[in-house]
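All remarks here apply to the structure that follows.
Below, each value reflects all heavy atoms present in this structure, side chains not excepted, and no hydrogens, waters or symmetry copies. Letters A, B, ... are given to chains in the order of the sequence lines, protein chains preceding strands, and every chain is numbered from 1.
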Protein chains: 2
Amino acid sequence: MKRVGIKEVAERAGVSWKTVSNVMNNRPVVHPETRARVLQAVEELGYTPNLIGRQLRQGSTRAIALVVPDLHNPYFGVLAQTLEHAAKQRGYTISIEISGGTVDIEQHYLHGWHGRLFDGLIFSPSAVTAEAIAKRTDPTPLVLLGERIISTDVPHVAIDNVASSVDLVRHLVEGGRRRIAFLGADSTGGISTGSQRFEGYKAALRFAGLPYDAALVAATNSWFRQDGYDLAQQILATPGVDAIVCANDLLAVGALAAARDLGRQVPSDLALVGWDNIDEVSYTSPGLTSVAPDLPALAEAALDSVLGELAGEVVIPHRLMERESSAPAVRA
Amino acid sequence: MKRVGIKEVAERAGVSWKTVSNVMNNRPVVHPETRARVLQAVEELGYTPNLIGRQLRQGSTRAIALVVPDLHNPYFGVLAQTLEHAAKQRGYTISIEISGGTVDIEQHYLHGWHGRLFDGLIFSPSAVTAEAIAKRTDPTPLVLLGERIISTDVPHVAIDNVASSVDLVRHLVEGGRRRIAFLGADSTGGISTGSQRFEGYKAALRFAGLPYDAALVAATNSWFRQDGYDLAQQILATPGVDAIVCANDLLAVGALAAARDLGRQVPSDLALVGWDNIDEVSYTSPGLTSVAPDLPALAEAALDSVLGELAGEVVIPHRLMERESSAPAVRA
DNA sequence: CTGAAAGCGCTTACAG
DNA sequence: CTGAAAGCGCTTACAG
């Protein structure tokens with residue numbers, strides 16, 4: 001089936017192909033009757049404009065790449081969908097790119113090896129270092145999601161990870177928890193989402209007058225359910241733990257399964273909390289308390305930033321979604 | 001920052017830009033020394049080829065769109081990632097497109113209004129009708145995921161939905177279940193994934209000599225956790241139900257929550273099973289039995305089909321992942 | 001092995 | 001309001 005081009009349409013409508021272009025782009029300069037003739041020809045021939053030609057000429061694709069590490073975490077799927085919705089309002093498209101958390105692929109996007117296919121990059125960094133980002137020469141606008149990587153002046157958008165962590169710990173303390181563990185500290189020592197949540201945890205413990213105990217901290221940069229399961233087993237070997245702050249919901253889901261297998265009751269003898277508020281945590285037993293980022297706000301801010309309407313750092317509101325997993329401990 | 005083009009590279013290397021093109025495409029015709037000079041110029045100038053130019057010239061993007069209804073279902077994220085991995089081996093890219101389950105957007109892709117951005121379409125149909133697909137004139141190769149929509153000869157790739165449903169029901173019967181409900185029958189009456197799973201359910205009941213009871217069937221084409229929760233409540237109002245076959249895992253997760261809220265014990269007085277084998281069902285309490293499609297096989301078949309190396313219908317192997325939710329009933 | 005020309009399908013000034 | 005020309009950045013034959 002031969003593809004029909006703008007020339008065939010012009011010929012059938014008896015106009016120049018420039019006029020067809022004007023009609024397709026809804027420019028007001030076309031005589032209504034001419035426009036009608038053109039539209040009819042378009043209809044009859046089933047013409048659809050070739051966007052590649054337009055993109056080449058305009059030097060823009062009106063597509064923005066969202067680079068995420070892994071779609072096994074449903075948070076990223078929902079994030080992508082929220083962004084897609086917001087981008088559409090502005091006449092842009094979101095392209096979901098999976099980095100697999102590998103340095104190679106992350107670099108690929110950072111350094112423009114994607115070949116101008118995107119007008120901007122919304123980047124959820126995983127493996128790449130701050131230096132690599134700083135060395136960047138590719139002019140594609142970039143915004144980072146999550147914590148600022150130290151020493152770069154790249155714009156970034158995130159909730160306040162320290163504050164939200166403090167909120168969680170205060171909530172646990174108010175519920176009577178005293179031996180609160182942390183699962184998901186950064187294992188590389190950089191500034192990351194995990195490290196900031198860990199900072200908030202330590203600050204809140206201090207404020208509450210609770211001792212910090214390194215035995216109650218498990219470090220990992222792999223945040224899947226199985227990691228939560230394995231590390232919670234480890235944490236719960238220490239006696240007396242009555243709560244675990246998990247650096248994301250997937251870890252909390254895994255920790256919940258571990259608690260169950262160890263015969264620990266949630267929430268009566270163990271509280272569990274996390275971040276992201278993925279759909280799943282409303283349906284676990286018990287439901288898991290989670291920090292919910294304002295996803296629509298995040299999407300708007302990321303787009304504003306990547307489209308050059310906003311610079312620097314943006315802090316997104318968050319909300320503590322309290323569920324049964326952190327209900328007050330039953331005091332003896 | 002001005003973008004550097006192929007001409008600047010050619011100039012700096014002292015060759016014609018055609019030679020640069022030859023080097024970039026790893027064509028063997030270039031003198032090693034010339035190639036080295038070119039590569040050095042590329043490096044020094046930070047040149048990255050503009051893929052839009054190439055795509056326009058070649059009439060191909062080497063990108064395949066995966067059109068899915070909604071990324072709130074984690075199955076589609078994992079499917080996308082599997083496809084992406086498989087496509088990369090073949091030098092192709094996957095573009096995840098979200099239809100929102102709306103006819104408009106589905107039509108958009110089916111009828112080529114995407115503007116030649118994709119060399120092929122892997123389509124998980126949700127709202128679109130068989131007629132709309134049959135009326136298609138756009139020449140972009142198309143493969144459907146899931147059940148064949150009746151009366152079209154478009155290639156499709158799916159597990160055997162009838163057989164897998166029979167497998168589930170037999171498993172339940174062997175576990176001693178006798179009043180088995182079905183959640184997720186097609187509410188529109190067409191041929192769909194839901195309708196085929198429902199057919200398998202009815203066939204298996206008949207084979208097992210169990211009566212079919214319409215009161216035990218809940219129809220819905222919305223397959224999220226909340227739908228499962230609501231409809232399971234409804235089904236469980238009928239006394240004696242000892243198992244529910246849910247048309248996907250999300251429905252089963254919702255049904256599990258409903259059972260819990262109604263004080264029903266899973267699996268001792270109610271068994272629950274589903275399809276898709278999403279990660280989540282290994283961590284619910286109890287774990288949910290699910291039909292696992294062979295995702296890598298599905299990805300390969302979908303690519304073979306859309307790239308024209310395979311025609312017609314492909315049936316993908318599936319496996320029954322037995323978990324605690326369908327453990328044999330304790331007989332009195 | 002390298003060079004000069006043409007063309008992919010559009011849009012962008014510029015005339016008329 | 002419409003037309004003829006040029007050009008976006010590449011690759012594809014075709015000569016040499």
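The phosphate of D:dT2 has OP1 or OP2 within less than 4.0 Å of a side-chain N or O from A:Thr34. Taking only side-chain nitrogens and oxygens, A:Tyr47 comes nearer than 4.0 Å to OP1 or OP2 of C:dC10.
The nearest whole Å value for the distance from the NE2 atom in B:His114 to the C1' atom in C:dG9 is 16 Å. Rounded to whole Å, atom C1' of D:dG9 lies 11 Å from atom CD of B:Glu8. Going from atom CZ of A:Arg37 over to atom C1' of D:dC1 covers 12 Å, rounded to whole Å. Taking atom CD1 on B:Ile52 and atom C1' on D:dT11, their separation rounds to 15 Å, with Å as the unit. In this structure, CG of B:Leu51 is placed 9 Å from P of D:dC10, rounded to the nearest angstrom. To the nearest angstrom, P of C:dC10 lies 7 Å from CZ of B:Arg116. The distance between atom CD of B:Gln55 and atom P of C:dG9, rounded to the nearest whole Å, is 14 Å. Computed from coordinates, the A:Asn22 CG to C:dG9 P distance equals 20 Å when rounded to whole Å.
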Check your understanding: Could you spell out the base pairing of DNA chain D in dot-bracket, with Watson-Crick or G-U pairs whose two distances are under 3.5 Å, [ ] crossing and | to another strand?
Key -> |||.||||||||.|||
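A distance-only check finds a donor-acceptor pair linking the side chain of B:Arg37 to the backbone of B:Ala13 [under 3.5 Å]. Side chain of B:Thr19 to backbone of B:Val15: no donor-acceptor contact under 3.5 angstrom is found.
Comparing atom distances between the B:Ser21 side chain and each of D:dT11, C:dT2, D:dC10 picks out D:dT11 as nearest.
Shown are A:Val143, A:Val157, A:Leu142, A:Thr140; of these, the side-chain contact (heavy atoms from CB on, under 4.5 Å) with A:Val306 is made only by A:Val143.
Counting non-hydrogen atoms of neighbouring residues, nucleotides and ligands closer than 6.0 angstrom, the NE2 atom of A:His111 exceeds 12 such neighbours.
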Practice item. Give the intermediate values and the outcome of salt bridge (charged side-chain N to carboxylate O under 4.0 Å, His left out) for residues B:Asp138 and B:Arg116. Key: CA-CA 10 Å; B:Asp138 183 66; B:Arg116 322 256 198 297; 5.4 Å; no
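A:Arg136 has no carboxylate O lying under 4.0 Å from a charged side-chain N of A:Glu131, or vice versa, which leaves the two without a salt bridge.
Contacts of B:Tyr47 classified as side-chain hydrogen bond (donor to acceptor under 3.5 Å, both in side chains), with partners at least two apart in sequence or in another chain: none.
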Got a list of protein N/O to nucleotides 4-8 of chain D N/O distances below 3.5 Å?
unit_1	atom_1	unit_2	atom_2	d
D:dC8	O2	A:Arg57	N	3.3

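Between atom CZ of residue B:Phe224 and atom CG of residue B:Asp70 there is a gap of 4.0 Å, rounded to the nearest 0.5 Å. To the nearest 0.5 Å, the span separating OG on A:Ser60 from CZ on A:Arg54 amounts to 10.0 Å.
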